[in-house]
Amino acid sequence: MRTVCFALAYAAACYAGRRLVLVGNHNLAWPAAGVAVVWFCAHRRAPTRHLDMALLTLILGVTNWRTGTSAAVGAVAGLVGLVQALVFLRLWRRRSPHLWGAGGTEPLRSPRDLWDLLRTGFTATIAASVVSLVGRGLVTGSFPVTVTAMSVARHTASILIIGSAGICAGAALSRRAAGRRRAPVAPRRIAEIAGIGTLSIALHVAVFAYEPQFPVSFALLGISVLVGVRLATPWVLLHNLVISVVALRYTLLGYGPFAHVGDVPLRAVVVQLFVTLVALVGLALALGREERNMLLNALAQEKDLLTAIIDAMPDGLAVIGPDDRVTVRNPAVAGMLGADPARLRALAEQDTAGADIVVNRPGEPESRIVHVTATALPHPDGTHSAVVLFHDVTAERRHRDELTSFAGVVAHDLLNPLTSVDGWTSAAMESLEDAPDHPSVGEAYTDLTRVTRSSARMRGLIDGLLAYATTREATVTPAPVDLAEVAADIALARTDAAVAAGDPAPRFTIGALPPVRADQVLVRQLLDNLIGNAVKYTAPGVIPVVRITAEDDDGMVAVRIVDNGIGIPPGQHEAIFGNFHRAHAGGDYHGTGLGLTICKRIVERHGGTITAVDDPGGGSCFTFTLPPLSLAAGARPQVDA
């Protein structure tokens, strides 16, 4: 039934087009092109689409044949109409898949959609005109270029006016079928629509009916602008159809400004350009206004969502404008600092990469510690706002203090008994030295030796845990650190220790190491761990060779420690920085697996990175970065995660 209805509508449009003929058998308009576009968009996936193709070709060919053309020219015309509809449908699906007729259900939403419709219709018309020109040349032996140019204008205008109306009507029917309805129109708005529509039609009728007496054609553009600015897209589409009928009807009867154009083909083209311009101006303004309103609504929704997110944040957030006015402040700020804006402005006067402030609020027995971060937001006019973040770290700082106290308890309650175990074990071993030889004495001495080794491992583990806890929770105090001096001191200590133990003295090559801004104690621990590993993890009988160099790396100081040791097993270059991970657990190299974890933590606390790779010459290469001395204090945020 839909195919039959579309076929009847298309036949009526073809008949109307053949009736709109000027002197010399020139068609003034061709509404069938727009109807064909809507037909094929509606039946894009219908099972009767092949029947639709046959009916379109047949109706168009017969209409042309029965209205004065030969049967061969009618057949060419039918084929041309089919080509135009198919080319349009293919291009429409590719360019605007979200719109109705192209795979989606949306109407024209923006001026871009309008330009896509115009471009697609013009391209399809050009393709059909080429086929028409070639077909007519083969059938009649002549190539009517003028007729073809007029056809391009007629078909493009028809697709723009009727096609746009059909696409929006199809989208409205799809929404209705899905249960989505438009909001009711207010009576005041209905009166405005009726008034503007009546004014526009009356003015166009007056211009086209009485143009010789009242030459006011210039007013038509103004009324088209008014329609596009004030009316919604469906009413603009209806206005375009009515104005097109008025212009075509009066021009056909010999009235209006275009009836005085002496050249008949030029008259037909001018009329088509006029109705096209009216449609483009009205639709472009209406679609632009609706797109703007849609974007404003989306922006308002996003703003409401952002406001809800900011208000729900447990951390405080405030924005202070250039005039020291607090423009944004979520409820968490008042919960941490109270409602005093003066304190916010004081905190926002300078960039703060991270600082703790103590807050004493009336009615609260204990003070609160708030971590504040302030960041400047420069404006194009030279002024700046400030974004201030507040994070309540009272519980975290209390936890850190408790952990530090626990570390002290561990130092006293575990290391002291362990010292007693070592002392009594040494005393027992000294007593056994004076005992006569006996198998039981030797066995006891061996057992005491095992106790001594186990005690040493236990002491190393406790020392490692204490160092890790201290490194993780201690406050970083940046200060100038002479890396060259620290590295030389550690190298000298390692050399003395190796000589005292009867091992080969390691060889150190220390390059130019620039000063850095870091914590003196933590940096010394970092270098001592890495240099100690470089000396320890060396094959038996090999003299340890350690090379320490530094270079600039994207504003940071990159320090490299290269050794000639046994290297890192494949696949463990990142795992070695994990807690209690030992890459050489099965060998004679003892350790707790916390040394490199402590190194990574120290580097991250300073905002740097640490990596390990294989050295091409054999051994390992550890690289870590630290802030240079020239970096202002607080310029790089401290990592506390």
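- Checked by atom type and distance alone, the side chain of S385 never pairs as donor or acceptor with a backbone atom of G321 at under 3.5 Å.
- In this structure, the ring of F6 has its center less than 6.0 angstrom from the ring center of H43.
- Legend: residues meeting ring pair (Phe, Tyr, Trp, His ring centres under 6.0 Å) with W92, ordered by chain and number and at least two apart, are F88.
- Summarising the geometry of I162 relative to V38, their closest heavy-atom pair is O-CG2, 3.9 Å, with the distance given to 0.1 Å.
- Scanning all heavy atoms of the two residues, the minimum distance from L248 to A29 falls at CD1-CB, 3.6 Å.
- A distance of 9.5 Å separates CG in L306 from CG in D311, rounded to the nearest 0.5 Å.
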Taking it one step at a time, do V372 and L389 satisfy side-chain contact (heavy atoms from CB on, under 4.5 Å)?
CA-CA 6 Å; V372 182; L389 298 177; over 6 Å; no
As a quick check of understanding, evaluate side-chain contact (heavy atoms from CB on, under 4.5 Å) for I610 and E604, giving each step before the final call.
CA-CA 8 Å; I610 184 170; E604 289 179 345; over 6 Å; no
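- Looking only at atom types and distance, the side chain of T148 has no donor-acceptor partner in the side chain of S129 under 3.5 Å away.
- Proximity of a side-chain donor or acceptor of T48 to a complementary backbone N or O of L51 within less than 3.5 Å is not detected.
- For the pair S164 and L237, the minimum side-chain heavy-atom distance is below 4.5 Å.
- At most 12 non-hydrogen atoms from other residues, nucleotides or ligands lie less than 6.0 angstrom from CD of E574.
- Crowding of R2 atom CZ: a count of heavy atoms from other residues, nucleotides or ligands under 6.0 Å not exceeding 12.
- By the 6.0 Å contact criterion, NE2 on H50 is open, its count of non-hydrogen atoms from other residues, nucleotides or ligands being 12 or less.
- Residues S158 and Q272 are not in side-chain contact: their nearest non-hydrogen atoms beyond the backbone lie 4.5 Å or more apart.
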Could you walk me through whether F208 and F274 pass ring pair (Phe, Tyr, Trp, His ring centres under 6.0 Å), step by step?
CA-CA 12 Å; F208 277 90; F274 170 76; 5.7 Å; yes
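- For R49, the CZ atom is densely surrounded, since the number of other residues' heavy atoms within 6.0 Å is greater than 12.
- The pair E290-R109 does not count as a salt bridge, with every side-chain nitrogen at least 4.0 angstrom from each carboxylate oxygen.
- Of the possible donor and acceptor atoms, none in the side chain of T105 sits under 3.5 Å from a partner among the backbone N and O of W100.
- V152 is not listed as a side-chain neighbour of R154, based on a closest heavy-atom distance of 4.5 Å or more.
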Identify each donor-acceptor pair in which a side-chain atom of residues 116-128 lies under 3.5 Å from a protein atom, sequence neighbours left out, and give them as a table.
{"unit_1": "D116", "atom_1": "OD1", "unit_2": "R119", "atom_2": "NH2", "d": "2.9"}
{"unit_1": "T120", "atom_1": "OG1", "unit_2": "R95", "atom_2": "NH1", "d": "3.3"}
{"unit_1": "T120", "atom_1": "OG1", "unit_2": "D116", "atom_2": "O", "d": "2.6"}
{"unit_1": "T123", "atom_1": "OG1", "unit_2": "R119", "atom_2": "O", "d": "2.8"}
{"unit_1": "T125", "atom_1": "OG1", "unit_2": "G121", "atom_2": "O", "d": "2.7"}

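- Across all their heavy atoms, S110 and L287 have their closest contact at O-CD1, 3.5 Å.
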Give the C-alpha distance, both sets of side-chain angles, the deciding distance and a yes or no for side-chain contact (heavy atoms from CB on, under 4.5 Å) between V264 and R267.
CA-CA 5 Å; V264 175; R267 186 190 312 170; 4.2 Å; yes
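- Counting only distance, with no hydrogens or angles, the side chain of N64 and the backbone of V76 share no donor-acceptor pair below 3.5 Å.
- At least one donor-acceptor pair under 3.5 Å links the side chain of H204 to the backbone N or O of S200.
- Here the closest non-hydrogen pair linking L60 and A77 is CD2-O, 2.9 Å.
- In this structure, CZ on R292 lies 6.5 Å from CG on L296, to the nearest 0.5 angstrom.
- In this structure, the side chain of D553 does not engage the main chain of M556 through any donor-acceptor pair within 3.5 Å.
- We find the SG-CD1 distance between C41 and I167 to be 5.5 Å, quoted to the nearest 0.5 Å.
- A donor-acceptor pair is defined here as one N or O able to donate and one able to accept, closer than 3.5 Å; such a pair exists between the side chain of R289 and the backbone of L231.
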Determine, stepwise, if the pair Q301 / L305 fulfils side-chain contact (heavy atoms from CB on, under 4.5 Å).
CA-CA 6 Å; Q301 293 177 359; L305 177 61; over 6 Å; no
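- For R189, the CZ atom is densely surrounded, since the number of other residues' heavy atoms within 6.0 Å is greater than 12.
- The distance from the CD1 atom of I196 to the CG atom of L226 is 4.5 Å, given to the nearest 0.5 Å.
- Taken from CG in L56 to OH in Y10, the straight-line distance is 4.0 Å, to the nearest 0.5 Å.
- Summarising the geometry of E291 relative to P111, their closest heavy-atom pair is OE1-CD, 3.3 Å, with the distance given to 0.1 Å.
- Residues T373 and V388 have side chains not in contact (no heavy-atom distance under 4.5 Å, counting atoms from C-beta outward).
- Contact detail for T69 and G74: the closest heavy-atom pair is OG1-N, 4.1 Å.
- Distance check: L266 CG to F258 CZ gives 11.0 Å after rounding to the nearest 0.5 Å.
- The closest side-chain donor-acceptor pair between T3 and D52 falls under 3.5 angstrom.
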